[in-house]
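Quick note: numbers below take in every heavy atom, side chains included, and nothing from hydrogens, waters or symmetry partners.
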Amino acid sequence: MWIITRYLDSNISMFEYETEDAAREALKYMKGSKILSEVVYFNDPCFQQEAA
């Protein structure tokens, strides 16, 4: 999941995107100060380690 946090006119807004491409496309057209962040869930099965 990708999040854009935007600060504009003393307001903070957050926008959520499923893909990096969609978030980067939206980022091009947004005004104000912006931060693009990736949210990673460490309880996702792909991060599970095998028991020794």
Side-chain angles (χ1 to χ4, degrees):
M1 173 188 325
W2 293 82
I3 304 290
I4 296 174
T5 305
R6 177 181 71 179
Y7 180 78
L8 178 66
D9 298 330
S10 298
N11 293 312
I12 297 175
S13 304
M14 297 179 79
F15 304 89
E16 181 179 310
Y17 298 89
E18 289 294 322
T19 65
E20 180 180 4
D21 291 336
R24 289 193 181 275
E25 186 66 24
L27 196 64
K28 291 178 188 177
Y29 302 104
M30 285 187 181
K31 295 183 179 179
S33 300
K34 305 163 294 267
I35 300 171
L36 177 61
S37 307
E38 181 180 17
V39 177
V40 179
Y41 296 99
F42 287 104
N43 60 347
D44 191 305
C46 72
F47 293 108
Q48 299 300 317
Q49 293 182 344
E50 300 265 337

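Hydrophobic clustering (ILVMFWY, side-chain heavy atoms < 4.5 Å, transitive): Met30 and Trp2 are in one cluster. Note on Met1: it clusters hydrophobically with Met14, by side-chain heavy-atom contacts below 4.5 Å among ILVMFWY residues.
Under a cut-off of 6.0 angstrom, the local environment of CD in Glu38 is crowded, with over 12 non-hydrogen atoms contributed by other residues, nucleotides or ligands.
For the atom pair CD (Glu18) and CG (Asp21), the distance works out to 13.0 Å, reported to the nearest 0.5 Å. For the atom pair CD (Glu25) and OH (Tyr17), the distance works out to 10.0 Å, reported to the nearest 0.5 Å. Going from atom OG1 of Thr5 over to atom NZ of Lys34 covers 12.0 Å, rounded to the nearest 0.5 Å.
Of all non-hydrogen atoms in Ser13 and Phe15, the two that sit nearest each other are CB-CE1, 3.6 Å. Among all heavy-atom pairs drawn from Ala23 and Ile4, the shortest one is O-CD1, 3.3 Å.
Listed by chain and residue number, nothing satisfies the side chain to side chain donor-acceptor pair (under 3.5 Å) test with Glu16 (two or more places apart in sequence, or in another chain).
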